[in-house]
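Here's the structure, in structure tokens; my notes come after.
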Amino acid sequence: MTSESGADSEAKQPRENKETEKEKGKAKAAAAAEPASPQNQPEQFPAAAGHSTPARKEQEQQEVDQVSHRSSISRLSRSPLKGVKKTKIMECKVALLDGSDFTLNLEKRARGHVLFDKICEHLNLLEKDYFGITCRDVENQKNWIDPGKELKKQIRTGPWNFAFNVKFYPPDPAQLTEDITRYYLCLQLRDDVVSGRLPCSFATHTVLGSYAVQSELGDYDPEELGSDYISELRFAPNQTKELEEKVMELHKTYKGMTPAEAEIHFLENAKKLSMYGVDLHHAKDSEGVEIMLGVCSSGLLIYRDRLRINRFAWPKILKISYKRNNFYIKIRPGEFEQFESTIGFKLPNHRAAKRLWKVCVEHHTFFRLVSPESQPKKFLSLGSKFRYSGRTQAQSRRASSMINRLAPLVERSSSKRYNMSLSLDGAPIAENHETPMKDSAAAGAAKILTKGDLITTVTTEKKAEEEKAEQEDAPTDAAETQEPTTPLRHDTKTDSEQTDFAFDGEMTATESDADDDSEMRTQDTSPPEEMLKHQTNISELKRSFLETGESSPGLTEWEKRLSSSPAHSPRGDEAPMIEPLELQDTKDEPPASEETKEEVEPKTTKAAEYLVKYVGDSVATDLASSSGLHGISPSTTMDDDVFMDGTLREVDEVAEREEIKVSPGAVRQEVYQAISDKKGTLIILKEADDKVDAEGKETGAAGEEEEPALRGEAEGGENEAVMGVEIWSPKMEANGVTQIKGTDSPKKAMASWISEVVKTEATEVVGASTKASDAPQPGEEVQTEQSKSGPSQITPPESSTTSLAVSTLGWVPSSEKGPPEPEEKVVVATETEAAPAESTGPTGCDVVEVGTKEVPVVHTETKTITYESAEVETNGDVDPGVLLSAQTITSETTSTTTTTHITKTVKGGISETRIEKRIVITGDTDIDHDQALAQAIKEAKEQHPDMSVTKVVVHKETEITPEEGED
Amino acid sequence: MAGLMSGFGHYTHAVVRGIPASLAKEALRSCQAEVDLAEARREHEEYVEVLGTRLGLEVVELPADESLPDCVFVEDAAVVCGDTALITRPGAESRRRETETMKSALKELNLNIVEMTDEKATLDGGDVLFTGREFFVGLSKRTNQRGAEILADAFKDYAVSTVPVLEGLHLKSFCSMGGPGLIVIGSSEPAQKALKIMQQMSDHRYDKLTVPDDLAANCIYMNLPNKGHVLLHPTAEQYPESAKEDCRGNHAGCSGLMLKSLGF
């Protein structure tokens, strides 16, 4: 590529050639994807697609932006014809603590530590272990850059803008070796104070402010400073004249105090503040009460409003984990308690949960351990590989004691000056999650001025857009690329963002993207027993996870039922707590299918077994513990568990895990999970390769799920969100509990995750991808989905559609495994619109048909999630039973339309009442669909207390702003 | 220059309030023992004497108000820390007006007055334990979550943790500070439980001094400019007799509101 040569010239790094080659592959893949994919339509991407290449494209675009002349070239490079890519140089802008920006160029593939080291060098900072680099994500949340990973994988979109921040606040700053380190810590704290993240009293504001002034301006000198000098500085979120006067008063008394001394005084006061170094995260407790989780050097603090309501010191915490948007801590039994307990919190979304989890892992390691835990080496391990890899505080102290340079001259730059007119000033509190706890009204006012000078942030909007673009790209790739380069492959190369993500596993089980599903249907085979079992296990996991979500004290009705009903665990051995999903699920639920596939291969199977076992153990343990929290622990296994103290009670578990890691199969599993979580499609493909049978079933399942949504949309015309809640006959057991959880913005996130996974295990993935490529269907699937979504899009301009179908089968308990049950059929009949999940084969066909029809451009993201109770539908074929009555009721509110179908049937002497609710929530993205869904389910439960919810299908469709012609 | 949050600072003033005659009949009680008004007044005088003469504090004596039978228990009406005084909203409706006089008295002392105006909030100072590094607020019959939140808002520098008080009137009915980092705690089960909670919630380490009787745990610790650390506590001889006193909840701690100056 001639054009690229230009780029090369720019590149400073020597490695270009090597990289070029590597890039070739990418380029090809990208190229392949491109023709079909609407690149230009940044926003149209369905989440599902997102996995493959989005990040990469984004980056390229960025590059274009930043390196102006390259822009045309970069596009060319994507074209299949040109295989060569060269190293690119990215411009990084880092907001430093003094408010200035530091701009530097880095090789595009540079890892985080390269940037970090350069910044520290620039700052002349040696004690750098307390610091880190942050980057705003789409939600404008700060995320810490992992030094060990490539930057480009950690920046999903947008320009390469970073901020340099204190990551670990030393509890005793006096122990820092160098003044310059304290200087930067002071700057951070000043920002913390002004932004409101570090609340303090008026008196403390004056004291801190006065030392800050002394540090920055030196002695009070009326002639030089004038009388108004203080108004230009910021000390508090709501700075008053009174405060300024007091600060000045104090400042006058500091004559002769050096800046370094002033900073020490500043820190000595700041460190005593109760919120010093506390990293706050919004969350909800098990009862849905808004709380804040604060991570600090000593442990985890729980706040409600401004009050501390609990505290878990690191030694008290046995395990930290997260799944989906849930965050769990396992607590060491207290003096009077016999058992461990696990406490779950709900974070706003998956990312937030992961962010919190990582911060916890890092803080624990940094402050509590002598040396970091070794990173799980096997690259195919279950659970996140993420560990804190830097030095611990202990190590850092040791290292800094070796510093023997002369104290460097600290160039203290002046902080931002404010005009008087700005004096209203706002605390630059950018992010929701980071915002301090509820503050007085004043604080609220301050927040309005978020974009204060103090904090330089990347503009969020842009990022968001970009992300969307990425997402779009991804799907396209999957759908269209049928060539040797399968979507999977693309992913592998393109975004392998963060390995850890892979393990969010939970999602996997439950989520399936519409796109993927369609393909799966094609193949019908009955899964081998093993597979089934495996599936069950998985579903158990899933279940347990779900249960746990609400865990502890405030068990929801569902949860209670679940946990109480013994029937659930068909296989005695397995954890009683967790109610296994029946085989049926396999068909219906995509997740199961994934796992099944894994089993196909010997290695995989092994892994699967392990999992199961593990789960079982943990479950047992949990059960033992009296607290209602049981469910939680088991689920953790699959995902990223961190055993904080290394005090696992059960050695076996550990062993198991390790083994799992070793086995390649495990890796696969991971991949699968990851994929499944994020994007159903990918998974499906793999599965197909491995086992046709499994796939078929799975596909069917997927198809089913999707269908409901589609139909719903079509019928409704409203199309936005379809929630179907089916409530089955009352007599049955409570098993079918499904929690519908927020699928906030999973799609976007998903894409990146998937990619990461892929990366890790490139080899395997590749293999998979190849297989996938063989399978002709993927493309079709995608289309199908889109077509489905099409109708919805047509409708209104609304941005997001969420459809939730909750179907509850209360029916007979006794013979779960028994012959096919009539119910299914019934369900089908009743559900017609909503979820034809059971009839795999047929459904699949339908879907296919739908798919075949080519609908004009659809700009929607479609996501379907199905939660089912185990018992619900074992077999596809069942007696329909005799229909006694059926009725349909429709009600509407502004944003929701609820359609209720009540069907009574008699099968084999048992009468069943099945209620299916479809709730369509239409509206802007602003609507909290999760909440709406939760509310809907709650209402459904309240209305039919004697029935249980057996199935919940969430179909979420997000309309993306229309763009250029699509496929 | 001492920091702002230097533990207890120095105690300079004490606020007390006279005992109204209505105390004997109308005061809120947790048990129905006879109150010997004369004896109570005698004890109170002694108490004021100790504060002013022996300890050298500047004692602000507020007049008793017959319409406020419980007004002698001044600690419930305000929480003072640093240069800020939070005027409470007592949980017992009959005591709400006690804060009026208190407010004006504290204003005179040049404290920053923060008032608890939220009608959903209740807080008795007796539920507020300040350890020098943080606050514990007992959630009791008299104090609710909202009250604690307002307190936390008034004293932003400090962690404010809530502790359920399941038995007894106030958190400080069974505990108090016996010195910097020393919690005096009763030996009853609720008291010990509360202590456990406090220990778990705190980033700081406290020593504990367990006393056999919960009520004996009610002390006043002071850091006096000239005399150093002083602990005002019921004497051993006094204690057995204090049964009466217990019933009216009139122990030393409740009737003294200590003020300390800032370190700077």
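Every heavy atom of this structure was used, including side-chain atoms; hydrogens, water molecules and symmetry mates were not. Chain A is the first sequence line, chain B the second, and so forth, proteins listed ahead of strands; every chain is numbered from 1.
In this structure, chain A has heavy atoms under 4.5 Å from both the backbone and the side chain of Q145(B). Residue contact with chain B, scored on non-hydrogen atoms closer than 4.5 Å, involves the side chain of L301(A) exclusively. Looking at S202(B), only its backbone comes within 4.5 Å of chain A, counting heavy atoms on both sides.
Considering every non-hydrogen atom in both A152(B) and L307(A), the closest pair reads CB-CD2, 3.7 Å. Contact between S274(A) and A159(B) at its shortest, heavy atoms only, is CB-N, 3.1 Å.
Taking CG of D153(B) as the reference point, atom OG of S201(A) lies at 11.5 Å (rounded to 0.5 Å). The distance from the OG1 atom of T204(A) to the OH atom of Y158(B) is 7.0 Å, given to the nearest 0.5 Å. For the atom pair OG of S161(B) and CZ of R311(A), the computed distance is 9.0 Å after rounding to the nearest 0.5 Å.
With a 6.0 Å radius and a threshold of 12 heavy atoms from other residues, nucleotides or ligands, K103(B) has its NZ atom at or below the threshold. More than 12 heavy atoms of other residues, nucleotides or ligands lie within 6.0 Å of NZ in K167(A), so this atom counts as buried by the packing criterion.
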Please determine whether side chain to side chain contact (heavy atoms under 4.5 Å, CB included) holds for the pair K272(A) and D157(B), giving the CA-CA distance in whole Å, both sets of side-chain angles, and the decisive distance to 0.1 Å.
CA-CA 8 Å; K272(A) 292 180 191 163; D157(B) 291 349; over 6 Å; no
Would you please test R306(A) and K156(B) for side chain to side chain contact (heavy atoms under 4.5 Å, CB included) and show each step?
CA-CA 9 Å; R306(A) 206 177 268 290; K156(B) 289 199 180 78; 3.6 Å; yes
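Side-chain contact check for V160(B) versus R308(A): every heavy-atom pair is 4.5 Å or farther apart. Residues F312(A) and Q200(B) have side chains in contact (heavy-atom distance under 4.5 Å, counting atoms from C-beta outward). Side chains of N310(A) and M201(B) form a contact here, defined as non-hydrogen atoms less than 4.5 Å apart.
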